[in-house]
Every structure is written in C-alpha cells, then in structure tokens.
Amino acid sequence: MIDEAGYPHMSPRSAYANSHLADLFAELAGYLSLESGAPYRRLAYERAAQVFQNHPVSIAALARQGSLRELPGVGANIEAKVLELLDTGRITILEELRDRYPAGLLDIMRLPGIGPRKAKALWSSLGIYDLAGLRDACVENRVRGLRGMGAKTEESILREVERADHADRADRLLLGHVDPSARRLLLALRSFPGTRQADVAGSLRRRKATVKDIDLVAASAAPEETMAAFAALPELAEVGLHGIAALTGRTQGGVSVDLRIATPQAYGNLLLHFTGSAQHNVDLRGLAKEQGFHLSEHGLEGQAASRTVTHEREADVYAALGLSYIPPELREGQGEIEAAAEDRLPALVERGHLRGDLHVHSTWSDGRATIEEMAQAAAAVGLEYIAICDHSRSLGVARGLTSDRIEDQVREIRKIDAQVPHLSVLAGCEVDILADGSLDLPDDILGSLDFVVASIHSGLGQDRTRIMRRLLGAMENPRVAAIGHPTGRLLGRRAPYEINLEALADAAVRTGTFLEINASYERLDLAAPMAREARDRGARFIISSDAHDAAGFALLDYGVDEARRGWIEARDVMNTLPLEELLPLLPSHRYRNRGSGRPVG
DNA sequence: GCCGTTTTCGGCCCGACTGTTTTCAGTCG
C-alpha cells in the first residue's frame, strides 16, 4: 500500500516518535538504576534509548516490520516492550516502576553529583521525592546528617537545585552560543608560554548542535603555570579547586568549563579520550582489548609487555589500533570504527569547498543588509556566487514579496550582479509552501527566477501525511530547486514537524530537488542523522547560511559541521560546484552571465 | 538486557576526583 503522500504502510501507531520512545526507555533505565543489582540491564535500556533517539527512520515502523532487532543493542526483550507499547499503549514494567518510585527522583538524579545511591538515600531516609523537597531539606541542614554526606555535599546540592530552577529548561546549550567563548578560551590557553598544544574536546569538538559544557585539553611543559594562568582568565566567573592536571570552572556566560593538562608525550591519548563520544571510547577500547591492548587516556598498554605506550598525536593512537584517523565529527559510535578499519571513511566536505551560498536574505524582506551589502560581504569571504532568496508574500511578519515586488527585485539584482566584481548574484526566492500545499507565488514568476528554495513556515502542526503531501508537491513543481530547512526545527524552542525521510529523499532523487542543510545554528536542518540517511538514498544537498545580515555568512561553518556529522562529502553538496557546473543542474536555465570579464570557475 | 572468528554463558571501558571515610563509595566523562 502506498498512500497519497507516497510512502508505504502508514498506521496510527506512528504517533510514537523516536524521541518519545527514547524518553520512555531512558525513564525505564533511570528507575532501574535505583534497583539493586542488574547494572547491565539498566545500561542496555540506556543504549536502546540512545539508538532510538539517533535513528533516522521510525522505530515504530521498524518494529511493525519485524526488523527492530537488526538495530544494535535491541534484542528480544526490548523489541517485545516496543511492540507492547504499540499494541497496548503501555509498558508493564515501566508502569510497575512508576508505582514503586516517585517521578521526582529522576529529576534529583539529573543534578550533577547526585546519582542513584544518593537519590535513594535521600528518599528512604528523609522522604525527599522531588527538587522542592530537596531544597527545603538542604536549607534546614537535614541533608548533612546522612551517611556519606557532609556540609560540603549539602551546599553543593543546594547550589545545583537552585541552578536547575533558573536554567529555564535549557540544560543543553546551542553550539553557536558556546563556540565564541570556547574560541576565546582556547586562544588564551594557546598563548601561555608553557603551552605546547591545546584543543577544544568533548561534544564541542565533535560539533554537536547542542553541548553542555566546554572541554579543553592542553599539553604543557609547565603544567602548574599553565593551570594558574588559565584560572586567572577574566572570562572565567568561577574557578573550582584545581590541581596540576584538572580544573573546573564556569564562564561569565554561565557555561561549565573543564580543562585537562597532559604531558606532551601523552597528549594524543588525552585528547582522544576527552573528545569522546562515550560510545566511541567504549567501541575503541573494545577493539583495543580484542587486539590484546588496554586503552586509557594515559596510553596503550600491551598485555604481554605490560608497558604503556603514549602518543603525541591522536592519529598515532588510531594507527596503533590499525585504524585510519577518524575526524571528531564522526566519533559517535555509528560505524566509524569499522569504516576506519576498512579504510573507507568518507572524504568529508570542508568549508573551503563551498563556492556559493544559495539561500541569502536582504532588506527586501526581513534581512538587515541591502543586496549590495550582502554581495560585498559574500565576495569578502571568498564566495563566487550567492542567490538572493527573500520571503514570499504570505510570510507577513517577514515582509514577504508579492509578484510585482519580485519583478522589481530581479531588475535590481541584475544591476548589482553586473557591478560587483568576482561574484555572481542570482535572483531567487524562498517561496512558502502554504498550508494547503500550494506555492505562494505563481509558476510564471517562479519560472523567471534563477533559484527557488521552497520552505514551510506555517501549518507546522499538521500530521505527517499532510506535511509530506506539501513537501512532495513542492518538489514535483519543476521550478523548485531545493527544499529549505526540511523539518522546521528550532533547537530548544520548536520540535521538528514529522516527516517521512525515506519518501522525502526518494522524491529528491526522482525530481532532482536538493535538500537544504540550513546552517543557522538554531536550525541545523536537516539534522546530521537524517542527512546521512538521505545521502545513502542518493539525495543531493545544498549548505545554506540563510544569512540575514553581512556577518551571516560565518554561519556556513556550522552547516558544514552538521553535514560532516552526517558523513557528507563535497560531491554530495551542490554549492561546492563552480557556477557553470551548477547552472545546468538547476530547473531554470534562465540565468545568463552578464558579467564583465569576471573569472568563471 | 545484549551479544558472540574466545557464541548459548559470562562478560559488559575504566581511571580520577570528591568528600568523606580512616580504606572507600559514589559520580563523572
């Protein structure tokens, strides 16, 4: 059965989104951590939750097809629980655990420094079952009486409870918000006389769209001096106690900072360890063990020789395990180690590969710079072409353009295109895909443009079937070159609308429509796991800044980061092509080079 | 609970730090 939206086997059960399933299994794992014994049972549920969260296609659909157990970490038991949920709307064991423990204990366990043991002790000894009760107990100094908990623990718990209160639910920070601070700290760290090497580590180095802290590592000839100099940086609002090897602090912006210092000889081992991900480290250590080694942040120990070998560079650690160097963006435990062992890692796209930017705004709609200013800024960062894609009329909040205004704008763009050296300016539009599935501008106008990106900005609450009908309808329109921010997510603010990724990717291939990886760090849409799946199905992409001002071209870096996390290569990204190779691929061949001897390619 | 060129049992990454203990448990990355 294929329904109108073009994908098979829709059923009401698909109401269970992967993130919802992941939440339920994470909750299950949380409760199990309170139970004595069976620590690996808990781990199994945590892993399953992680797999569900990251999987690009519907877990519910896989379960119905009977192929759920093909996923790593999913066995008969977890499959049975997913099916039970789909069939009955509940998971019996989860219901039982919810009866046994108060839900607030899970919130308490999320506080830094509190794990299952302390949470359980607080509950059984003091009857504390939520954050409010915990705060009261701290204020009344009742916590410090418990075994293993003194005044310091109580103070730190109180601090964390209050922080959790004021964290306005944003426990994960946007990459684009944290990055500038991390860059400054790294620059300072590298400037100290004793510093041999320094890098950002952790999820920030893996370029995850959201991070929770800033991890830094350094190799120093004078660790104590380096540590003292770092602790004195004005960017740090708080510095905890620190020794020679580790420091914890907090930036003025309230972001946690961890710094680790290693000897130059073991720098590669430390950097590798603190870059993670946790799953990548687990996999790597497992591989090391198979080979008779013991891998830690201090080096590689041979079991026979029992001598620890250290490595100055990460690449040397990988090489010692028979692996090619794995870029940090791939270190998520998603098959990168197998690929490295077989020397078939992708040649990831780089910022330097991008020659153009095909989704840029101007003051004609909601941008803050004129077309000419945007063109100058693009040329200044080395781009060879841009497409001005302002909003269409229905997006009133963005002063969207009517057909008449578009025609005026095209004339203006042609004029500026002829004036700006070394840059081609294409006439484009970001046309709204309206709630009824029609496009917001007539075909003759769209057909007069060089580049049309079609996006959804309204009717975001529609179900998957209707959303997909709109997206697929837009792709079938031969004047549409790309789909903009295909899932509509705004990180930390708005969940994506639900799409059928397979159907979207297949339609992209069939119609020759590009899928956008929108580089705004609030969007990063398509997200990496989806981009990877779409790529595997043959889809092609554009990485777009969606810049609204002259500084906005810097956002392209984040788009490249997200694409790399999706295993995307330069050949998958159409705006890496020189303009004369891109144009023949576009629906419209109307663009004519009006240039005055500008270089081509 | 999952998994398997050490498979149907017996493992599952592991070291450092913190606060509190007087030899270590809990937590973290």
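Atom set for the values below is all heavy atoms of this structure, side chains included, hydrogens, waters and symmetry mates excluded.
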> Quantified in whole Å, what is the P atom distance between nucleotide B:dA16 and nucleotide B:dT20?
Replying inline: 22 Å
>> Just the rounded figure in Å: distance from P of B:dG15 to CZ of A:Arg260.
In response: 14 Å
>> Between B:dT22 and B:dC17, how far apart are the two P atoms, rounded to whole Å?
In response: 22 Å
> For DNA chain B, whose closest nucleotide is more 5', that of A:Met149 or that of A:Ser296?
Replying inline: A:Ser296
>> When you measure from the side chain of A:Arg489 to the backbone of A:Arg523, do you find a donor-acceptor pair of N or O atoms at a distance under 3.5 Å?
In response: yes
> Can you check salt bridge (Lys or Arg N to Asp or Glu O under 4.0 Å) on A:Lys152 and A:Glu155, steps first, answer last?
Replying inline: CA-CA 5 Å; A:Lys152 275 195 168 178; A:Glu155 284 162 22; over 6 Å; no
>> Could you tell me how far apart A:Asp283 (CG) and B:dC2 (P) are, to the nearest whole angstrom?
In response: 18 Å
>> Is it true that A:Glu96 and A:Tyr31 share a donor-acceptor pair across their side chains at a distance under 3.5 Å?
In response: no
> What integer distance in Å separates A:Ile93:CD1 from B:dG1:P?
Replying inline: 8 Å
>> With rounding to the closest Å, how many angstrom separate the C1' atoms on B:dT23 and B:dT18?
In response: 15 Å
>> If I pick the P atom on B:dT8 and the same atom on B:dC3, what distance separates them, to the nearest angstrom?
In response: 16 Å
> Roughly how many Å is it from NE2 in A:His298 to C1' in B:dG29, rounded to a whole number?
Replying inline: 13 Å
>> Could you tell me how far B:dG1 sits from B:dT5 if I compare only their P atoms? Round to whole Å.
In response: 23 Å
> Can you find a side chain N or O atom of A:Thr153 that sits less than 4.0 Å from OP1 or OP2 on B:dT20?
Replying inline: yes
>> Heavy atoms only, 4.0 Å cut-off, all strands: where does A:Ala80 land among base, sugar-phosphate and nothing?
In response: nothing
> So, A:Asp199 and A:Arg190, do they make that salt bridge, N to O below 4.0 Å?
Replying inline: yes
>> Taking B:dT6 as the reference, what is the distance to B:dG10 when you measure between their C1' atoms (whole Å, please)?
In response: 11 Å
> Is there a donor-acceptor pair closer than 3.5 Å between any side-chain N or O of A:Arg564 and the backbone N or O of A:Val349?
Replying inline: yes
> Nearest to the side chain of A:Arg117 - B:dG15, B:dG26, B:dT20?
Replying inline: B:dG26
>> Within the 4.0 Å heavy-atom criterion, would you say A:Lys81 contacts the bases, only the backbone, or no part of the nucleic acid?
In response: sugar-phosphate
> Checking all strands, does A:Asn281 fall into the base, sugar-phosphate, or nothing category for heavy-atom contacts under 4.0 angstrom?
Replying inline: nothing
>> Could you tell me how far apart A:Glu70 (CD) and B:dC3 (C1') are, to the nearest whole angstrom?
In response: 16 Å
>> Set out, in order, the CA-CA distance, both residues' side-chain angles and the distance that settles salt bridge (Lys or Arg N to Asp or Glu O under 4.0 Å) for A:Glu46 and A:Arg42, then state yes or no.
In response: CA-CA 6 Å; A:Glu46 273 175 9; A:Arg42 189 205 90 233; 3.1 Å; yes
Within the sub-3.5 Å range, which N or O atoms of nucleotides 7-12 of chain B have a protein N or O partner, and how far apart are they?
from	atom 1	to	atom 2	distance (Å)
B:dC12	OP1	A:Lys289	NZ	2.4

>> If I take atom NZ in residue A:Lys120 and atom C1' in nucleotide B:dT27, what distance separates them, rounded to the nearest angstrom?
In response: 17 Å
>> Just verifying a value: how many Å separate A:Arg260 CZ and A:Glu297 CD, rounded to the nearest 0.5 Å?
In response: 8.0 Å
> For A:Glu154 and B:dT20, what is the distance between atoms CD and P respectively, to the nearest whole Å?
Replying inline: 10 Å
> OP1, OP2 of B:dG15 versus side-chain N and O of A:His273: anything below 4.0 Å?
Replying inline: no
> If you look at every strand shown and take non-hydrogen atoms under 4.0 Å, does A:Ala76 touch a base, only sugar-phosphate, or nothing?
Replying inline: sugar-phosphate
>> Between A:His177 and A:Tyr521, is the ring-ring contact (aromatic ring centres under 6.0 Å, His included) condition met? List the steps.
In response: CA-CA 8 Å; A:His177 290 160; A:Tyr521 55 72; 5.2 Å; yes
>> Considering every strand and a 4.0 Å limit on heavy-atom distances, what is the contact class for A:Leu28: base, sugar-phosphate, or nothing?
In response: nothing
> Which of these nucleotides, B:dG19, B:dG29, B:dC2, is closest to any side-chain atom of A:Lys152?
Replying inline: B:dG19
> Which nucleotide in the list B:dG1, B:dG19, B:dG26 gets nearest to the side chain of A:Lys118?
Replying inline: B:dG26
> Looking only at atom C1', what distance separates B:dT21 and B:dT27, rounded to whole Å?
Replying inline: 16 Å
> For B:dT8, which nucleotide in any strand shown is its Watson-Crick or wobble partner with both distances under 3.5 Å?
Replying inline: none
>> Need to verify one output field. Residue with the more 5' nearest nucleotide on DNA chain B, A:Leu295 or A:Arg42?
In response: A:Arg42
> Which atom names give the shortest non-hydrogen contact between A:Arg206 and A:Arg565, and what distance separates them?
Replying inline: O-NH1, 2.9 Å
> Of all the nucleotides listed (B:dC2, B:dG19, B:dT27), which has the minimum atom distance to the side chain of A:Asn77?
Replying inline: B:dC2
>> Rounding to an integer number of Å, can you tell me how far A:Asp258 CG sits from B:dT18 P?
In response: 11 Å
